[in-house]
Amino acid sequence: MPNFSRLASQGSFRLLTTSIPPQSPVAWSNLITGMNAGGHGIFDFIHRDPKTLEPYFSASRVEGPKHGIHLGNWIIPLGGGSAEQLRKGKAFWEILDQHGVPNSVFRIPANFPPVPANGQTLSGMGTPDLRGTYGTFSSYTDDPAAETGAVEGGQIIPVQVENSQVKANLIGPDNTFRKGSPPSTEPFSVAIDPLESVAKIAVQGQEFVLREGEWSDWIRVEFQLLPFFGNVKGMCRFYLKQTHPRFQLYVSPINIDPADPALPISTPSSYSRMLSEEAGGFYTQGIAEDTKALSVGVLDDNEYLEQARTVLAEHRRIFDTEFAKFRRGVFFFYFSSIDLNSHMFWRLMDRKHPEYDAALAAQNGSAIAEFYQQIDQVLGEVLPKLDDHTTLLVLSDHGFAPYYRSFNLNTWLLNNGYIKLKNDTNPDSSGPWANVDWSQTRAYGLGLNGLYVNMRGRERDGIVPPGAATDALVKELKEKLLSVKDLQSGLPVITRVDVASEVYQGPYSHSGPDLLVGYNRGYRAGWKTILGAFTSEVLEDNMNPWSGDHCMDYTLVPGVLLSNHEIKVETPALTDIAPTILAEFGIAKSKDMIGQSVFQSNRAAY
Ligand SMILES: [Zn+2]
């Protein structure tokens with residue numbers, strides 16, 4: 001990484017204190033607002049309504065008919081096409097707008113729908129696909145051995161090959177105009193060459209040929225919700241995985257079409273269309289890398305990597321188009337590649353990981369390094385354009401660590417008597433929480449780091465009185481959690497537990513979890529406990545390709561901050577970035593921002 005090392009040696013390079021907890025929606029909200037979760041109200045990927053205990057995604061809410069959130073099938077309703085931004089507090093670019101500083105903000109996480117702005121913004125993480133989910137792929141197969149139906153992040157759809165022809169449906173948004181809101185569908189057909197590994201796909205008057213192992217370009221599709229009335233446009237990419245002996249076709253989640261978006265994804269609203277005209281089609285869904293398809297085995301490492309490389313290629317194309325136009329003000333650009341691919345490929349560079357595989361590592365063990373090198377090339381395009389009047393900030397919102405073992409917080413709470421069940425068998429028989437006896441339950445886990453007291457007057461069936469009883473329970477839980485050891489490794493599982501009231505400032509300090517559980521390196525909340533389900537074991541090996549993570553003790557996973565100017569603050573934090581950007585234009589930070597410019601040496605204690 002020659003460009004990063006040049007910037008580090010000629011400019012400044014510091015660790016960057018991340019958010020509590022160190023999850024992307026929280027971290028980026030800290031950066032965007034200069035406040036912590038107490039000020040912007042984003043505590044986790046997943047929040048809960050205390051009155052119903054129903055979990056929902058924290059970054060945005062899309063209005064429509066209610067669906068339950070199911071394990072393995074996280075569906076947020078799309079409905080009539082309205083969406084609500086849940087982050088509170090002013091974004092730094094709103095303040096820049098007030099002072100007439102031009103700005104463009106590309107795919108910053110936790111900005112969907114984009115807040116009204118004068119500049120050009122495009123929403124990123126938090127943006128749903130056309131179905132209103134965070135990405136639902138489809139995989140079509142005639143393999144009778146394949147398990148069909150819903151899987152995490154997608155669905156496997158059985159098809160028949162008859163006379164070398166396949167007829168199937170693309171699945172669109174729920175048709176809320178119809179009784180029962182069934183999903184809208186659009187037919188497509190595949191003609192498979194009887195001898196060669198080639199197929200011709202026809203959808204809505206468009207025809208294209210794919211060889212086995214080949215991806216299509218973006219294909220535009222339109223779903224008819226009510227004849228002549230409500231049509232929504234989307235786009236998807238087809239991947240012909242296999243023609244013979246079995247047919248297998250992957251179709252990406254149907255993305256919102258940037259040329260004609262069904263939900264607001266940019267400011268001005270015409271900006272996403274302009275971008276797609278100038279730089280070509282691109283993934284609009286928040287997390288574009290199809291990590292779920294890799295996790296469930298619908299795409300293998302090489303197939304996923306090709307998809308992930310396409311995402312970065314799209315971003316680099318847009319970067320080149322947009323950065324060339326930048327003259328003055330603020331230019332912000334977010335690259336998702338290092339985060340998502342470190343999640344997926346840690347297992348191939350760490351022999352201690354339970355999913356390490358020497359043969360796979362020989363093929364793709366340098367995948368993470370390759371993405372770092374590509375980002376270094378982007379930096380190499382930027383450095384020669386800098387002058388003395390231009391400040392460059394390069395940062396990551398958090399670091400990374402291995403994720404070897406899962407800690408199932410709710411199972412631990414159950415085993416330690418904090419959660420009581422109505423009967424002792426099969427705690428999840430009909431969904432998360434279904435068998436919990438709330439009249440005897442004192443605390444529960446939800447989200448990646450959240451631990452909540454079942455508080456009287458706040459939770460629907462709360463039993464712990466607020467005040468001294470809650471404080472005592474919080475203290476007891478903290479002590480007990482810090483003493484949990486993994487007998488397999490002899491290591492503490494949890495190295496830090498933060499009490500919300502001690503670490504958050506602002507009006508929302510008490511609307512999130514009461515405790516933030518900080519896992520040791522190598523440990524994370526298990527996949528099921530996150531949504532309130534129970535497992536038989538408290539600790540389990542993580543056998544998911546999602547093998548690196550950062551939702552841990554925040555002091556163990558700091559981000560990095562580099563600048564071409566001298567950073568005066570020894571330990572800068574994400575909450576310093578908004579004040580820093582404002583200070584560069586002589587704008588005073590707003591009084592609820594808790595950080596300060598990293599270029600000023602007199603850090604005030606707070
Ligand atoms: Zn991440």
Side-chain angles (χ1 to χ4, degrees), residues 15-32 37 42-46 57-60 74 87 107-112 123-127 134-135 152-153 283 285-295 304-305 307-308 311-312 315 333-350 353 355 367-369 371-372 374-375 394-404 406 447-450 516-527 530 542 544-561 574:
L15 293 178
L16 182 64
T17 303
T18 184
S19 56
I20 307 174
Q23 302 181 29
S24 296
V26 188
W28 286 101
S29 296
N30 278 21
L31 180 143
I32 287 170
I42 306 289
F43 300 91
D44 200 293
F45 273 101
I46 295 161
F57 283 109
S58 62
S60 63
W74 297 355
R87 175 175 45 72
R107 273 180 80 84
I108 201 164
N111 187 42
F112 172 81
S123 65
M125 191 182 289
T127 309
Y134 279 0
E152 175 134 16
Y283 281 92
Q285 76 182 75
I287 295 179
E289 289 84 353
D290 203 341
T291 61
K292 298 280 164 52
L294 176 57
S295 283
Y304 164 81
L305 259 179
Q307 192 263 343
V311 173
L312 181 51
H315 290 168
F333 205 94
Y334 171 78
F335 289 98
S336 56
S337 296
I338 291 179
D339 178 63
L340 274 316
N341 294 304
S342 296
H343 280 298
M344 303 317 289
F345 287 107
W346 192 286
R347 68 197 148 89
L348 298 188
M349 63 169 202
D350 183 346
H353 199 281
E355 278 286 280
I368 295 174
F371 285 100
Y372 270 97
Q374 283 215 50
I375 299 301
V394 184
L395 64 90
S396 60
D397 60 316
H398 52 68
F400 248 90
Y403 169 20
Y404 302 136
S406 291
L448 283 146
N449 301 90
L516 291 309
V517 182
Y519 295 99
N520 197 0
R521 249 182 104 77
Y523 296 87
R524 204 204 72 182
W527 296 98
I530 291 169
N542 171 31
N544 195 304
W546 184 283
S547 50
D549 214 291
H550 45 80
C551 300
M552 299 170 182
D553 173 346
Y554 80 100
T555 63
L556 302 178
V557 285
V560 295
L561 176 66
L574 278 172

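We count residues from 1, following the sequence as given. Counting starts at 1 for both ligands and their atoms, in listed order.
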Output yes when a side-chain donor or acceptor of Gln307 lies under 3.5 Å from a complementary backbone atom of Ala288, and no otherwise. yes
Can a donor-acceptor pair be found, under 3.5 Å and without considering hydrogens, that links the side chain of Arg347 to the backbone of Tyr404? no
Under 2.8 Å from the Zn ion (ligand 1) - protein N/O/S, by chain and number: Asp339 OD1, Asp339 OD2, His343 NE2, His550 NE2
Go through the steps for Leu16 and Leu574 under the test side-chain contact (heavy atoms from CB on, under 4.5 Å), then give the verdict. CA-CA 7 Å; Leu16 182 64; Leu574 278 172; 3.7 Å; yes
Do any N or O atoms from the side chain of Ser19 and from the backbone of Ala27 form a donor-acceptor pair under 3.5 angstrom? yes
Would you please classify the geometry between the Phe400 ring and the His343 ring as parallel, tilted or perpendicular, with 30° and 60° separating the classes? perpendicular
Would Ser337 and Gln374 count as a side chain to side chain donor-acceptor pair (under 3.5 Å) here? Give the steps. CA-CA 9 Å; Ser337 296; Gln374 283 215 50; over 6 Å; no
